[in-house]
Engineer: 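Mind looking over this structure? Questions follow.
Please read all numbers here as calculations on a predicted model, not as lab measurements.
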Amino acid sequence: MKAVTTGINIFKAEFVSGLILTKRYWLNMAAGILNMFLFLVFIQLGIRSFGSGVSVEFMSVKMETLIIGFFSFSIIGVGMGSVTSRLSDNAATGILEQTMLSPMGVIPVLFFGALTQFSVALVLYLLLIPFSMLLCSHFFNVNIPCLVFFSILLWLSSCGVGFALSALTLIYKKTQSFNNLIQFLILTLMVIPSYPFNVFSLSPVSPQVAILNKAIVYHQSVGYKWLTYTVLQSGAYFILGCAAFLAAEKYAKKKGILGQY
């Protein structure tokens, strides 16, 4: 019970902190939302421009695939980038030690901070996608509960990768270029065939993206075994990422390079 209360308090604190930062840098936030909305609109308009000689059903599936693909990539970006960017900013501004000395532990602080960003991003996409459909006069059915549930699995797996990358940030401090390079690997993992089960299904985010496309775009049911595997795999990658982060934290403290930038 105490752990639950502590988690809620951290989440509330991170949410309030996010509101303060949003109010302070409202122009950057507004521009980010506009960028997401315009991208969704131009995806649909771009697909419709190739509509001559193509069946409506085919064009609709391609449009939905691109929208869900962009949604998946954005969720992965939130999961991976929220932890690494926060550590980089804290190290650059000299407050990394304060974050590390939190009585709740650094991982809960970073986790609930990432969870706050994910929650806000998910709400924004659930609002922006219908508005883009309305503007482009193209509608498709989305199972919202399934979308939210599978998005959580995708975020959890990518968050584990984010903690692993943050382990490098603790040691090497500036890893932005390396993290950008990882995005190409993530794009590869998103398109490789990981369903039905094969060797690629062992990689992070790949089975989560596959199950998201299967359930949302093609409206197909997901088997109990595959669903169970995806849940366990997401949790496993999150735990491995946290373990790598703790090992890097111990190494950085031992070498005295935690706050060195």
Engineer: In this structure, would Ile76 and Val148 fall into the same cluster of hydrophobic residues linked by side-chain contacts under 4.5 Å?
Structural biologist: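 Cluster IDs for Ile76 and Val148 match.
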
Engineer: Out of curiosity, Lys214 NZ to Ile211 CD1, how far, rounded to the nearest 0.5 Å?
Structural biologist: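 Answer rounded to 0.5 Å: 9.0 Å.
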
Engineer: Just jot down the side-chain hydrogen bond (donor to acceptor under 3.5 Å, both in side chains) partners of Ser201, sequence neighbours excluded, or say none.
Structural biologist: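 Testing Ser201 for side-chain hydrogen bond (donor to acceptor under 3.5 Å, both in side chains), a comparison that skips the adjacent residues, returns none.
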
Engineer: Which heavy atom in Ala215 sits nearest to a heavy atom in Phe150, and how many Å separate them?
Structural biologist: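 Smallest interatomic distance, heavy atoms only, reads CB-CE1, 3.4 Å.
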
Engineer: State, yes or no, whether a side-chain contact exists between Leu147 and Leu126 at a heavy-atom distance under 4.5 Å.
Structural biologist: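 Side chain of Leu147 against side chain of Leu126, heavy atoms only: contact under 4.5 Å found.
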
Engineer: For a 4.5 angstrom cut-off between non-hydrogen side-chain atoms, does Leu124 reach Val120?
Structural biologist: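 The answer is yes; the side chains approach within 4.5 Å.
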
Engineer: Is there side-chain contact between Ser166 and Leu110, with at least one heavy-atom pair below 4.5 Å?
Structural biologist: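 A side-chain contact under 4.5 Å is absent here.
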
Engineer: Taking side chain as C-beta onward, heavy atoms only, is Phe71 less than 4.5 Å from Leu122?
Structural biologist: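 A side-chain contact exists here, since the closest heavy-atom pair is under 4.5 Å.
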
Engineer: Find the distance between CD1 (Ile186) and CD1 (Ile182) and round it off to the nearest 0.5 Å.
Structural biologist: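 So the CD1 of Ile186 and the CD1 of Ile182 are separated by 7.0 Å.
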
Engineer: Could you report the tightest heavy-atom contact between Cys146 and Ile216, atom names first, then the distance?
Structural biologist: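 Nearest heavy atoms, Cys146 then Ile216: CB-CD1, 4.0 Å.
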
Engineer: Give the intermediate values and the outcome of side-chain contact (heavy atoms from CB on, under 4.5 Å) for residues Thr169 and Val83.
Structural biologist: CA-CA 10 Å; Thr169 304; Val83 180; over 6 Å; no

Engineer: Check whether Ile67 and Ile33 end up in the same hydrophobic cluster, where Ile, Leu, Val, Met, Phe, Trp and Tyr are linked by side-chain heavy atoms less than 4.5 Å apart.
Structural biologist: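 Same hydrophobic cluster.
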
Engineer: In this structure, would Leu240 and Val106 fall into the same cluster of hydrophobic residues linked by side-chain contacts under 4.5 Å?
Structural biologist: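 Not linked; separate clusters.
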
Engineer: Side-chain contact test, heavy atoms from C-beta onward, threshold under 4.5 Å: evaluate it for Trp226 versus Pro207 and give yes or no.
Structural biologist: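 The answer is yes, as the side chains (C-beta and beyond) meet within the 4.5 Å cut-off.
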
Engineer: Between Met36 and Tyr125, which heavy-atom pair has the shortest distance, and what is it?
Structural biologist: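 In this case the closest contact between Met36 and Tyr125 is SD-OH, 3.2 Å.
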
Engineer: With no hydrogens and no angle check, do the side chains of Gln208 and Ser234 hold a donor and an acceptor under 3.5 Å apart?
Structural biologist: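 Looking only at side-chain atoms, Ser234 and Gln208 do form a donor-acceptor pair, the distance falling under 3.5 Å.
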
Engineer: Measuring only between side-chain heavy atoms, which start at C-beta, is Thr230 closer than 4.5 Å to Gln233?
Structural biologist: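 No, every pair of side-chain atoms sits at 4.5 Å or beyond.
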
Engineer: Quick one: OG on Ser157 to CD1 on Ile75, what's the gap to the nearest 0.5 Å?
Structural biologist: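 So the gap between those two atoms works out to 13.0 Å.
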
Engineer: Do Leu227 and Phe149 come within less than 4.5 Å of each other through their side chains, counting heavy atoms only?
Structural biologist: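 Side-chain contact under 4.5 Å: yes.
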
Engineer: Could you grab the distance from atom CG of Leu165 to atom CE of Met80, nearest 0.5 Å is fine?
Structural biologist: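 These two atoms lie 5.0 Å from each other.
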
Engineer: Would Phe111 and Trp155 satisfy ring-ring contact (aromatic ring centres under 6.0 Å, His included), going step by step from the backbone distance to the final call?
Structural biologist: CA-CA 11 Å; Phe111 171 76; Trp155 171 79; 5.6 Å; yes

Engineer: Establish whether Leu246 and Tyr237 are linked, either directly or via other cluster members, by ILVMFWY side-chain heavy-atom contacts under 4.5 Å.
Structural biologist: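 The answer is no; the residues belong to distinct hydrophobic clusters.
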
Engineer: Just verifying a value: how many Å separate Phe245 CZ and Lys250 NZ, rounded to the nearest 0.5 Å?
Structural biologist: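 Reported to 0.5 Å precision, the distance equals 15.0 Å.
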
Engineer: Please find the pair of heavy atoms, one from Ile192 and one from Ser206, that lie closest to each other, and give the distance.
Structural biologist: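 So the minimum-distance heavy-atom pair works out to CG1-OG, 3.5 Å.
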
Engineer: Could you tell me whether the side chain of Phe163 reaches within less than 4.5 Å of the side chain of Thr84, counting heavy atoms only?
Structural biologist: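 No; the side chains remain at least 4.5 Å from each other.
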
Engineer: Closest approach of Gly69 and Met190, non-hydrogen atoms and distance?
Structural biologist: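 Answer, listing the atom of Gly69 first, then Met190: O-CE, 3.5 Å.
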
Engineer: With the 4.5 Å side-chain cut-off for hydrophobic clustering, are Ile68 and Leu187 part of the same group?
Structural biologist: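 Linked within one cluster.
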
Engineer: CD/Glu64 to CD1/Ile129 distance, rounded to the nearest 0.5 angstrom?
Structural biologist: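 Taking CD in Glu64 and CD1 in Ile129, the distance rounds to 11.0 Å.
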
Engineer: Leu212 and Ser72: which non-hydrogen atoms are nearest, and at how many Å?
Structural biologist: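 Closest heavy-atom pair between Leu212 and Ser72: CD2-OG, 3.1 Å.
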
Engineer: Can you list the steps and then say if Phe37 with Phe131 is a ring-ring contact (aromatic ring centres under 6.0 Å, His included)?
Structural biologist: CA-CA 8 Å; Phe37 180 71; Phe131 276 118; 7.2 Å; no

